[in-house]
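Accompanying notes for the structure given below.
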Amino acid sequence: MSGAIPNYLDVLNGEQREAVLHGGNSEAGTHPLLILAGAGSGKTRVITTKIAYLIREQGMDPRSILAVTFTNKAAREMAERARLIDPRAGDAMMRTFHSFGAWFLRRNADLAGLSSGFVIYDDDDAVSLLGTIIPDVPRQELKATAALISRAKDYFLSPNDPELDQIDYRPEFRKDYTRYEERLAKIGNVDFGDLIKKPVEILRSRPDLARRFHERFRVVMVDEYQDSNIAQFRLLSELAGPETYLCVVGDDDQSIYRFRGAEVKNILEFPERFSGTDIIRLERNYRSFTPILKLASSVVDHNTGRLGKTLRAERGNGKLPTLAFLPDQDEEAAFCAELIDRSVRMPEKNGRAKDSRTRDGPAMYSDWAILYRTNAQSLGFETELLRRRIPYQVVGSLKFYEREEIKDALALLALLMNPRDEVAFRRIINKPARGIGEKTLDAIMEAAYAAPPASGLSGLIGTANNLSLSAKAAAGIKAFAGFMEKARTLLAPGTKGIKPAKAAGPESPGPKNSAQESPGPKNPARGNPADSGAAIRAGEGLSICTAALIVDSGLAEYHSSHDEINGYQRIGNLQELVNAASLYPSSMEGLAEFMEHIELDRSLETDQKTESHPNSVTLITLHNTKGLEFKRVILTGLEQGIFPRDDKEGDDLEEERRLFYVGATRAMDELYLCSCALRRMYGRTIPTTPSLFLREADQTVLRVIGDVPPGFGSGRRAGSAVGGGYGGAYPYNRSFEHAPSGGAGFGPEQVSSDGRWKRGDRVFHDDQGYGAVADIAEEEDGPVIRVRFDNGQETRFLSRYQGRAFTKIGTDHV
DNA sequence: TAATCGATCTTTTTT
DNA sequence: AGATCGATTA
């Protein structure tokens, strides 16, 4: 508010301010800047403030600033926070590396030899493509090859590069990679790796273009630089012209993407690669209490080859992290749930808190995060939290876009974007059955590739017609071409909301299920599952075309009738996709935007949930927590084989240590660690030993509860039940863990006495949706069932009650 | 050619 | 426990 320094800079400490002001209007402007920012040192604040500062104080055009992150979430957060300081920051380009690459290629598609409507293949698509190139190879092997190709691209290695040997020396690999690239080029699409690699190649071969980019982006910033790979380093190098101000931020202790080609080398050697680099260290941690930081450091200290830094906890002392030894993973889930439940229900009254910031009354669900090593581990926690009605949110689960029906629908859209998309074509051409089997398909593809530049889909269909196909196949192809053409018309400029013609499907003639223009139908269609008609409703924008495709192609009908039990869910999912499409304009450009959003950022679903339920527990993988913080964090599955994973050693083990470090330093106030004696793996229950990291951890900053396993801890004697150690603080009480949560009298019966219900039977209720019979009891009025609905609600019903609102739809064998 | 069954593996982490 | 692959059948 006064003097030379504007007030938004006042909240910064010395180093932070130095980092923000660096490269001001002096000649130092050309000096690159490396910010080594420890966990919780206010890194994001520095970046966002710096962006605002450049605009405000240096008069920089926001459009000439490029800020690159690694996750979409981080990009969004950065944009949001920068805008809060100065609204003009919204015009700066803040994207992930991959999203930037896609943007670059979209406007230079011709230079890259891509189809103008190119689509981005995900890992799965890449595997499918490989499958068509090298047939009769088990999927697993294809996956391995696809992974190697992806790795090669991370290292900026082309099929003819001598250094490719470092990825895999086998000549077959070189051959497969070559053919993969050739095929991808013919199709005109790209994979993830291309989003980085191709822009570099273009910029190198076109100095004029590179110069234009240098003029456009005067400032380039990179967040989480420790996780950049070689290709990304190359891209950065190409983007950095002689006048470009380069600023990268990172922490070598938080490098956790080696498996994806990340090179810590990039950050370690940055000063050598870019001469004149100034280095600023941010070593004051504002997030966690001292013991948490000590614990995290004590583990990562076992690593060699670190830059090394000393993080100071500015918040001082707080609660000791708790290490809980638990019998098995079910108890682990129960422990977490109980811990969370209690903290929310009762205010902290243990007088332990010396710092006033810990005594802030009852916790919120959103204060909590449960961290795990692998996605599969989320399931147990979900079940338990659902059971206890504790709201939660799973971050980064891609489940939605991995569903078969969704991938099918997306394949239709992809084919609309790029008619040469072989992978998409193969996926849906015979779904529903159009009499085109593998043989026919191969013939069609061969003809299509042999023919001179296919004039799009019609060209392909044309070639297909020249083949001697069965009558059924010929008719199928023709119908296919028909609805694709119609969908294309819907996207043509000037076309407005034509309804999808009819609900396709052999035995549901007539337009009775035709889509209507009801604005924004938010909920999946529901009704009596006995009606097999699939009702997909189009709202506005792109959803009209999407719905038309899904219905006209017969996909809706296919999925609803194919899967007796989940058919309705599938329709619901398709409806959700249609709804998502409604946000985009009904045009080819709108479609491109929609596809790109889906391909690059699959977290869309989670965002919606966060908005609708802001107060919920976060379930998240350790990798996904990068850049996040929570008041209370539970680190789960600290067992050998889980975390760290199996026989990790050397550099891989060091990476796991850093992962531990990242996880632990997410915690602001409280940190809990869980280790189970038994764990279910591959469907078997296996005894485990505590994680190596628990041994390496500084025991003086740990409070241990539960049954300490034999041989753990240097001083303590093995086997001594630490009963006294619970000290009343152990929030987990075995006695009510196994007590029935609902009404009394429910037993282990499998079948109700009147034979109407079996445990596990699936039901559908008009208000509650889907559910399953959880328990059966016999009462004087007759059998009573308890139904647990998928939405978490539990309700009891008399067995004989089964009206319109409530129907049995099948049996789930448990 | 489609659908179903059983045997046989597997399981990181993500743009 | 779940996916995937191969073989067998309608």
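Numbers restart at 1 for each chain; the letters A, B, ... are given by sequence-line order, proteins then strands.
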request  = Walk me through it: do A:K43 and A:E224 pass the test salt bridge (Lys or Arg N to Asp or Glu O under 4.0 Å)?
outcome  = CA-CA 10 Å; A:K43 174 191 66 151; A:E224 309 283 8; 3.0 Å; yes
Under 4.0 Å protein heavy-atom contacts per nucleotide of nucleotides 10-15 of chain B, with B for base, S for backbone only and - for none = BBBBBB
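- The side chain to side chain contact (heavy atoms under 4.5 Å, CB included) search around A:L379 returns none, not counting sequence neighbours.
- Neither side chain, A:E599 nor A:Y121, offers a donor N or O lying under 3.5 Å from an acceptor on the other.
- Across C:dT4 and B:dT13, the matching C1' atoms stand 22 Å from one another, rounded to whole Å.
- Using C1' as the reference atom, B:dT12 and C:dC5 are 23 Å apart when rounded to the nearest Å.
- Taking the six-membered ring where the residue is Trp, A:Y584 and A:H597 present tilted rings, their angle falling between 30° and 60°.
- In this structure, a donor-acceptor pair under 3.5 Å is absent between the side chains of A:D176 and A:T145.
- Remark: C1' of B:dA3 and OH of A:Y558 are 10 Å apart, rounded to the nearest angstrom.
- Between A:R139 atom CZ and B:dT8 atom C1' there is a gap of 17 Å when expressed in whole angstrom units.
- If you take atom C1' in C:dG6 and the same atom in B:dT11, they sit 22 Å apart, rounded to whole Å.
- Applying the side-chain contact (heavy atoms from CB on, under 4.5 Å) test between A:V264 and each of A:D651, A:D252, A:D253 identifies A:D252 as the sole match.
- For DNA chain C, the outermost nucleotides in 5' to 3' order that have an atom under 4.0 Å from a heavy atom of chain A are C:dA1 to C:dC5.
- In this structure, A:F660 has its ring center no closer than 6.0 Å to that of A:H302.
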task = For side-chain contact (heavy atoms from CB on, under 4.5 Å), just list the numbers for A:E201 and A:K197, CA-CA rounded to whole Å, side-chain angles, deciding distance to a tenth of an Å, and then say yes or no.
result = CA-CA 6 Å; A:E201 288 163 351; A:K197 188 164 171 274; 3.1 Å; yes
